[in-house]
2 protein chains.
Amino acid sequence: MDAALQVFSAHGFRGSTLDQIAINAGLSKPNVLYYFNGKEAIHVALLSDLLDTWLDPLRALNPNGNARDELLAYIRRKLELARNFPRESRLFANEIVQGAPRIENFLKGELRILVDEKAAVIAEWMDAGQIAKLDPFHLIFSIWALTQHYSDFEAQIRFIRADNITDSHDGAQSFVETIFDKILAP
Amino acid sequence: MDAALQVFSAHGFRGSTLDQIAINAGLSKPNVLYYFNGKEAIHVALLSDLLDTWLDPLRALNPNGNARDELLAYIRRKLELARNFPRESRLFANEIVQGAPRIENFLKGELRILVDEKAAVIAEWMDAGQIAKLDPFHLIFSIWALTQHYSDFEAQIRFIRADNITDSHDGAQSFVETIFDKILAP
DNA sequence: GTCTATAGAAGGATAGAC
DNA sequence: GTCTATCCTTCTATAGAC
């Protein structure tokens with residue numbers, strides 16, 4: 001699974017080969033297929049394992065907590081997830097950039113329900129004047145965009161800042177928290 | 001070229017086939033190869049045509065202008081580019097998510113020089129107190145992340161908001177400008 | 001310039017020995 | 001469980017007719 005994650009996240013589904021995965025896993029190609037019922041099955045297994053984990057940070061947003069604290073904590077959880085699991089983040093990014101053919105049902109189902117629910121919570125916080133009035137959906141999208149950018153587009157950041165940093169996430173947490181503090185201020 | 005852009009942006013380089021491109025272009029496969037010297041050459045031609053255009057919005061940032069106005073105008077140009085050329089945006093996104101193997105030299109060269117130059121301009125604006133003091137590199141990255149998100153991850157936005165909107169960019173301009181207005185306020 | 005036919009390599013998957 | 005050998009499909013690219 002780790003070998004497959006490595007390969008799929010770096011080349012996308014169609015760009016990856018069983019050969020690469022097998023070599024990466026230190027196995028022969030038929031031996032990989034002994035454990036998984038084909039290339040697609042490996043990919044599905046990877047995504048399935050991940051989908052739930054990926055929802056956790058948003059799921060943990062507590063409607064009864066303080067709006068600003070809850071949202072900043074959510075942002076911190078997302079940043080940590082992206083930083084600790086950049087390959088998983090790029091596995092999703094590859095899928096979505098290419099039209100999300102294999103996770104369409106997840107996006108239209110579980111994720112959508114969760115986003116609708118949490119957007120309503122955020123809207124209430126805004127109505128109550130706890131945070132600035134903004135489109136709650138766009139606010140969620142902006143959190144995703146900013147937190148995942150450091151993992152998904154890591155190559156771009158690395159090539160641009162080669163001399164100055166070694167980790168694309170350097171300074172990201174402090175920066176992202178600072179700007180969302182400004183954004184959310186009522 | 002348009003057929004190739006369509007295919008490459010939707011499937012990535014390795015995920016695309018000459019068959020798809022040929023069918024999309026209404027030509028036979030050998031006829032496509034009569035015009036281009038191989039699959040890689042088509043991809044290179046597409047990227048080369050695009051790289052310059054992609055730098056234009058940042059290049060137009062005027063050091064002698066008003067900081068806030070210049071940055072908001074830059075954001076507006078980036079949003080328009082992403083909205084008008086989503087396939088081109090995804091062509092880049094595919095490349096970068098997969099480690100930017102074919103545009104590494106562009107990122108480390110032209111783009112890096114331009115970003116360094118404009119980051120210095122932004123730093124001066126900050127020192128002069130025209131806008132809030134932030135890391136200028138992270139500020140540029142955050143503009144990229146937020147503007148491109150609506151094109152690159154369009155599928156995700158569409159599946160989540162299926163009933164409510166038809167265009168992933170709906171409300172994006174007003175939202176992004178609003179939050180950068182808050183972010184930049186000194 | 002455009003096509004059909006096909007070469008040659010690579011990829012997914014299976015058979016069958018151990 | 002793990003391998004080698006191999007089948008069959010798909011893919012890039014070329015040959016050569018028109």
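Here is the naming used below: chain letters follow the sequence lines, and residue numbers restart at 1 for every chain.
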Under 4.0 Å protein heavy-atom contacts per nucleotide of nucleotides 3-14 of chain C, with B for base, S for backbone only and - for none: BBB-----SBBB

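- Taking the ring centroids of B:His169 and B:Phe175, they lie at or beyond the 6.0 Å cut-off.
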Working for side-chain hydrogen bond (donor to acceptor under 3.5 Å, both in side chains), residues B:Arg68 and B:Gln130: CA-CA 7 Å; B:Arg68 183 184 158 283; B:Gln130 283 198 51; over 6 Å; no

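- For an aromatic pair to be called close, the ring centres must be under 6.0 Å apart, and A:His11 with B:Phe13 fails this.
- Residues A:Tyr150 and A:Val176 are in side-chain contact: their nearest non-hydrogen atoms beyond the backbone lie under 4.5 Å apart.
- Rounded to the nearest 0.5 Å, atoms NE2 (B:His149) and CG (A:Asp152) are 9.5 Å apart.
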